[in-house]
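Nothing here was measured: the structure is a model prediction, and the numbers come from that model. In what follows, every chain begins at residue 1, and chains take the letters A, B, ... in the order their sequences are listed.
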2 protein chains.
Amino acid sequence: MTSAPAPRRGRPPGDRNTRARVLAAARRMFTERGYNAASLRDIAREAGVDAGMVRHYFVDKAGLFRAAMDMPVDPSALIASLLSGGVEGLGERLLRKLVTEWDDAGNASAMIILVRSAMTHDESNRMLREFISRQVLGRIAAAVDAPDRELRASLIGSQLVGLVVARYIVRVEPLASADPETVVAAVAPTVQRYLTGSIR
Amino acid sequence: MTSAPAPRRGRPPGDRNTRARVLAAARRMFTERGYNAASLRDIAREAGVDAGMVRHYFVDKAGLFRAAMDMPVDPSALIASLLSGGVEGLGERLLRKLVTEWDDAGNASAMIILVRSAMTHDESNRMLREFISRQVLGRIAAAVDAPDRELRASLIGSQLVGLVVARYIVRVEPLASADPETVVAAVAPTVQRYLTGSIR
């Protein structure tokens, strides 16, 4: 198998680079245009392959979207590693890790696509809710030793999503331009109180 | 002037009920479909008037959107009334007022339209940023006696927008179904710390 594209010759080659190139193009287009406006055809063109190739790998736009969402840092591994230090100081560790990831535009894009798309597209709204609930908040809740652990986890979710929207999407100043450690110092105590402090 | 619609007869009648009906239809359609997908023509049909009538009042879709945004509680009057009690306890008063307003779906829709639209539409992204910065955060910042008052105000914005997204748009449980006073008790201390507490 060569690395040159094989246009319309039976089954497309199972080239890992092609798949990666399509996913990168998908993340770029979904980020720039949102889920609805980014077409499978445009994404194929952006990746330099034909649409049939994209369908071969991902079936349809929803499948492509899901695959693009799974690409960045594995959230379960990330949360597990943060939780391994225990809940004391977890607010600060969580914030520092997330702000560092999101400040890097490449890693930011998946979360940003999800949040943007969820606002206007019911399918990705459900996806975001499930992704956040299962992959992030469920794991955090499991680490908290309190009967209201799920409420606490969803409160953390509200501050983290709000930080994504305010700093990275709507870009409210001066929060958008504040240096990472300023954001960590300001927001980590909020997350820590939702984790282990008084919320009643 | 009668209350019956006057189809295509020179200048449309300046009927206040017609204008209000168009604005109500616009809020409904923008909420359900987002800014991009709701057409001026569909909104006119929903309101039972022709598109020329809508253009007569609001010029174009952006003008209609702006007018629809201005309709609910006047944010400046709301914030001014909350601030008149001083910054002590402002976190709790602000949260209680907002959660009460947002829980009432009618009033919620304008904020929800703005947040949803801002994610996928650059024009309304700019609108949301300007609306939040000027109408809400600017007034809060002016009431805070600290050199970092603008950072504090934008941190408050991050928690409030996050609460809107998590409770009303993405509906992360159990936050989405928590009773209002539970939300106020949990989130007010966050807002109060951003207002008057230590953030460094």
Side-chain angles (χ1 to χ4, degrees), chain A residues 33-37 112-121 124-133 137 148 150-167 169-178 181-183 185-187 189-191 193-194 197-200, chain B residues 33-37 112-121 124-133 137 148 150-167 169-178 181-183 185-187 189-191 193-194 197-200:
Chain A
R33 306 187 179 182
Y35 182 88
N36 285 326
I112 290 177
I113 297 167
L114 258 181
V115 172
R116 292 181 75 146
S117 302
M119 300 303 137
T120 49
H121 183 64
S124 53
N125 190 314
R126 192 179 55 71
M127 270 186 225
L128 179 62
R129 183 169 52 241
E130 288 179 0
F131 174 84
I132 288 183
S133 299
L137 304 186
D148 53 4
E150 267 124 22
L151 177 63
R152 289 171 179 275
S154 61
L155 288 163
I156 292 169
S158 79
Q159 175 64 86
L160 296 183
V161 166
L163 184 59
V164 168
V165 172
R167 180 169 167 95
I169 302 180
V170 178
R171 288 187 286 279
V172 175
E173 292 293 356
L175 182 57
S177 307
E181 283 305 314
T182 298
V183 178
V187 180
T190 298
V191 174
R193 186 172 66 80
Y194 292 155
S198 164
I199 61 163
R200 299 276 171 180
Chain B
R33 305 187 180 183
Y35 183 89
N36 285 325
I112 291 176
I113 296 166
L114 259 180
V115 172
R116 291 180 76 146
S117 302
M119 300 304 136
T120 49
H121 183 65
S124 53
N125 190 316
R126 192 179 54 73
M127 273 187 223
L128 178 63
R129 184 168 51 242
E130 288 178 1
F131 174 85
I132 288 184
S133 298
L137 303 185
D148 52 5
E150 268 125 22
L151 178 62
R152 288 172 178 275
S154 60
L155 287 163
I156 292 169
S158 78
Q159 175 64 85
L160 296 183
V161 166
L163 183 59
V164 167
V165 171
R167 181 171 167 91
I169 301 180
V170 177
R171 289 189 285 279
V172 175
E173 293 292 0
L175 182 57
S177 307
E181 283 305 315
T182 299
V183 178
V187 180
T190 297
V191 174
R193 185 172 65 81
Y194 291 155
S198 162
I199 60 162
R200 301 275 172 183

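With a threshold of 4.5 angstrom between heavy atoms, V183(A) does not approach chain B through any atom at all. Using a 4.5 Å cut-off between heavy atoms, E181(A) does not touch chain B at all. With a 4.5 Å cut-off on non-hydrogen atoms, R193(A) touches chain B through its side chain but not through its backbone.
Ranked by heavy-atom pairs under 4.5 Å with chain B, the first of P174(A), S198(A), A153(A), A166(A) is P174(A).
Contact annotation: the side chain of V161(A) never approaches that of V170(B) to less than 4.5 Å [non-hydrogen atoms, C-beta and beyond]. Two residues are said to be in side-chain contact when any heavy atoms from C-beta on lie closer than 4.5 Å; V172(B) and L137(A) meet this criterion.
Separation of atoms CD1 (I156(B)) and CG (L175(A)) is listed at 11.5 Å; rounding is to 0.5 Å.
With sequence neighbours left out, the side chain to side chain donor-acceptor pair (under 3.5 Å) criterion links S154(B) to no other residue.
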